[in-house]
Each structure stands twice: as structure tokens, then as C-alpha cells.
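Here the structure is laid out as C-alpha cells; the discussion comes afterwards.
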Amino acid sequence: SDVCSSDLEAVELSLTAASAAFFRSDLDGSGRLAHAALEGAERLADPGLVGRAYLQLEMVASEAGDPERSRFAEAALAALERAQDDRAIADLRTNLGVSAHDAGDYDGAMAHYAVVLDLADRRNDAIGRAIAHNNLAETLTTLGRLDEAAGHLDEADTLFAACRYGLGG
């Protein structure tokens with residue numbers, strides 16, 4: 001129906017606006033918009049949208065140092081797994097891996113990145129594979145496992161070049 005279509009569009013718009021606010025460093029705005037998206041997604045009973053809203057809330061909470069982050073991450077993962085949204089699960093696992101690395105939990109970081117790599121393989125996602133290899137290389141470098149890190153970095157460079165993808169400057 002038109003009502004359902006407009007409700008869906010409102011949730012998707014809220015998620016897009018929440019993401020834009022996050023990347024403008026407007027954490028309060030991003031959080032408000034993500035909560036609004038979550039309410040709408042729950043009304044629609046759409047696990048993919050619920051998961052994406054919780055993923056956005058996890059990102060905001062992570063950036064703000066909010067302890068609710070763990071709850072948001074768990075809720076996001078559960079909803080995204082129900083929705084079988086491997087792309088969003090990979091995004092969440094990448095976020096969790098970076099946070100684990102930053103907290104000194106290098107085994108946890110590598111476990112998250114291994115899942116991201118597997119998800120990228122299943123989706124035939126070369127950029128996702130490259131990002132996972134790059135993150136594994138960074139963590140292995142931190143651990144002083146330079147030969148292993150070099151292999152992952154070479155793989156990341158090859159994939160990025162093949163996709164004509166550049167990182168930064």
C-alpha cells in the first residue's frame with residue numbers, strides 16, 4: 001500500500017540522513033535519526049532495516065565512547081543475520097574489528113576480519129576482500145608478524161589496483 005511504501009521510504013531516508021550526519025561528525029543528529037529509523041523499521045517488522053538502524057547506532061555509540069555500543073552491536077548482528085544481509089554484517093564486523101584492534105584485542109580483531117573476508121568471498125566482493133586483507137595486515141604488523149602482514153598487504157594492493165580503488169591522498 002501507499003502507507004507502507006511511504007513508511008519504508010521514511011525509514012530509508014532517516015538511515016541515509018543518519019549516515020550523512022555521522023560523517024559530518026554530528027553524532028547527536030545521527031543518533032536521533034537512527035533512533036527514528038529504528039522505530040519505523042520495528043513498526044514495519046523489517047529485520048534488515050532494524051539491523052541497519054542498530055548498525056548506525058553502534059557506530060555513533062562507538063565514536064562517542066558510549067557503553068550502549070555492545071548492546072547495539074548485538075542487536076544489529078542478530079537482526080542482520082535474520083535478514084541475511086552479509087554486506088551489513090561485514091560492515092559491523094569491520095567496525096568491531098577496528099575497535100578490538102584499538103583496544104589491544106588483536107585476536108578478537110583478526111577473528112572479526114576473518115569473518116569479513118569470508119563474507120566478501122561469498123559475495124564475490126573484491127573491495128570487501130581488499131579491506132579485510134588490509135585490516136589483517138595492520139593487525140599482524142602490530143603483532144610483529146611482518147611476513148604474514150606482507151602477504152595480506154600484497155593481496156589488498158592487488159585487489160585495490162584491480163578495482164582501480166584508491167585509499168586516501
Side-chain angles (χ1 to χ4, degrees), residues 6-44 46-81 83 85-106 108-113 115-117 119-120 123 125-139 141-142 152-153 156-157 159-160 163-169:
S6 65
D7 290 347
L8 175 63
E9 290 168 0
V11 170
E12 289 176 343
L13 183 59
S14 290
L15 284 170
T16 300
S19 179
F22 179 84
F23 288 109
R24 286 191 320 270
S25 298
D26 178 5
L27 299 182
D28 290 337
S30 182
R32 279 193 307 276
L33 289 160
H35 277 292
L38 178 60
E39 290 174 12
E42 287 175 335
R43 277 194 306 275
L44 292 170
D46 184 318
L49 290 174
V50 167
R52 287 177 44 215
Y54 273 121
L55 173 59
Q56 188 66 43
L57 288 167
E58 183 276 334
M59 290 171 56
V60 170
S62 176
E63 191 69 20
D66 183 340
E68 285 290 292
R69 181 217 182 172
S70 295
R71 183 177 70 82
F72 293 145
E74 290 171 12
L77 186 58
L80 294 169
E81 286 177 343
D85 187 342
D86 286 350
R87 175 70 185 154
I89 292 168
D91 290 344
L92 175 62
R93 292 287 192 157
T94 297
N95 295 351
L96 296 173
V98 169
S99 293
H101 177 100
D102 290 348
D105 178 10
Y106 304 119
M110 288 195 304
H112 285 296
Y113 300 147
V115 171
V116 172
L117 189 56
L119 292 168
R123 291 189 335 272
D125 175 4
I127 296 296
R129 286 180 45 79
I131 291 169
H133 280 294
N134 190 71
N135 289 338
L136 282 163
E138 182 177 350
T139 300
T141 298
T142 300
H152 285 286
L153 192 54
D157 286 344
L159 289 163
F160 283 136
C163 296
R164 297 185 178 149
Y165 187 89
L167 289 177

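Here the CG-CZ distance, from Leu117 to Arg93, works out to 13.0 Å after rounding to the nearest 0.5 Å. Interatomic distance, Leu96 CG to Ser70 OG, rounded to the nearest 0.5 Å: 8.5 Å. Taken from CZ in Arg123 to CZ in Arg129, the straight-line distance is 11.0 Å, to the nearest 0.5 Å. The distance from the CG atom of Asp91 to the CG atom of Asp86 is 11.0 Å, given to the nearest 0.5 Å. Taking CG of Leu136 as the start and OG1 of Thr141 as the end, the distance is 10.5 Å to the nearest 0.5 Å.
Taking 4.0 Å as the cut-off between side-chain N and carboxylate O, Glu74 and Arg71 do not count as a salt-bridged pair.
When every heavy atom of Ala109 is checked against every heavy atom of Ala100, the shortest pair comes out as N-CB, 3.6 Å. In plain terms, the two heavy atoms of Gly48 and Leu80 that are nearest each other are O-CD2, 4.0 Å. Taking both residues in full, the closest heavy atoms of Phe160 and Ile127 are given as CD2-CD1, 4.2 Å, listed atom of the first, atom of the second, then distance. Of all heavy-atom pairs between Ala53 and Leu15, the closest is CA-CD2, 3.6 Å. Counting all heavy atoms, side chain and backbone alike, Ala79 lies closest to Pro47 at CB-O, 3.4 Å. Across every non-hydrogen atom of Ala37 and Val11, the tightest pair is O-CG1, 3.7 Å.
At distances below 3.5 Å, at least one donor-acceptor pair connects side-chain atoms of Tyr113 with backbone N or O atoms of Gly97. Here the side chain of Thr94 pairs a donor or acceptor atom with the backbone of Ala90 at under 3.5 angstrom.
In this structure, Asp105 and His101 have side chains that are not in contact, with every pair of non-hydrogen atoms separated by 4.5 Å or more.
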Check against side-chain contact (heavy atoms from CB on, under 4.5 Å), Thr139 and Asn135: CA-CA 6 Å; Thr139 300; Asn135 289 338; 5.6 Å; no
Step-by-step side-chain contact (heavy atoms from CB on, under 4.5 Å) determination, Leu8 to Leu49: CA-CA 9 Å; Leu8 175 63; Leu49 290 174; 3.3 Å; yes
Worked verdict on Leu77 versus Leu55 for side-chain contact (heavy atoms from CB on, under 4.5 Å): CA-CA 8 Å; Leu77 186 58; Leu55 173 59; over 6 Å; no
Check against side-chain contact (heavy atoms from CB on, under 4.5 Å), Arg87 and Asp125: CA-CA 9 Å; Arg87 175 70 185 154; Asp125 175 4; 3.2 Å; yes
Identify every side-chain donor-acceptor pair in residues 20-36 under 3.5 Å, counting partners at least two apart or on other chains, and give the distances.
from, atom 1, to, atom 2, distance (Å)
Asp26, OD1, Gly29, N, 2.8
Ser30, OG, Ala18, O, 2.8
Ser30, OG, Gln56, NE2, 3.1

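Annotation: salt bridge (charged side-chain N to carboxylate O under 4.0 Å, His left out) contacts involving residues 49-58, sequence neighbours excluded, comprise Glu58-Arg69.
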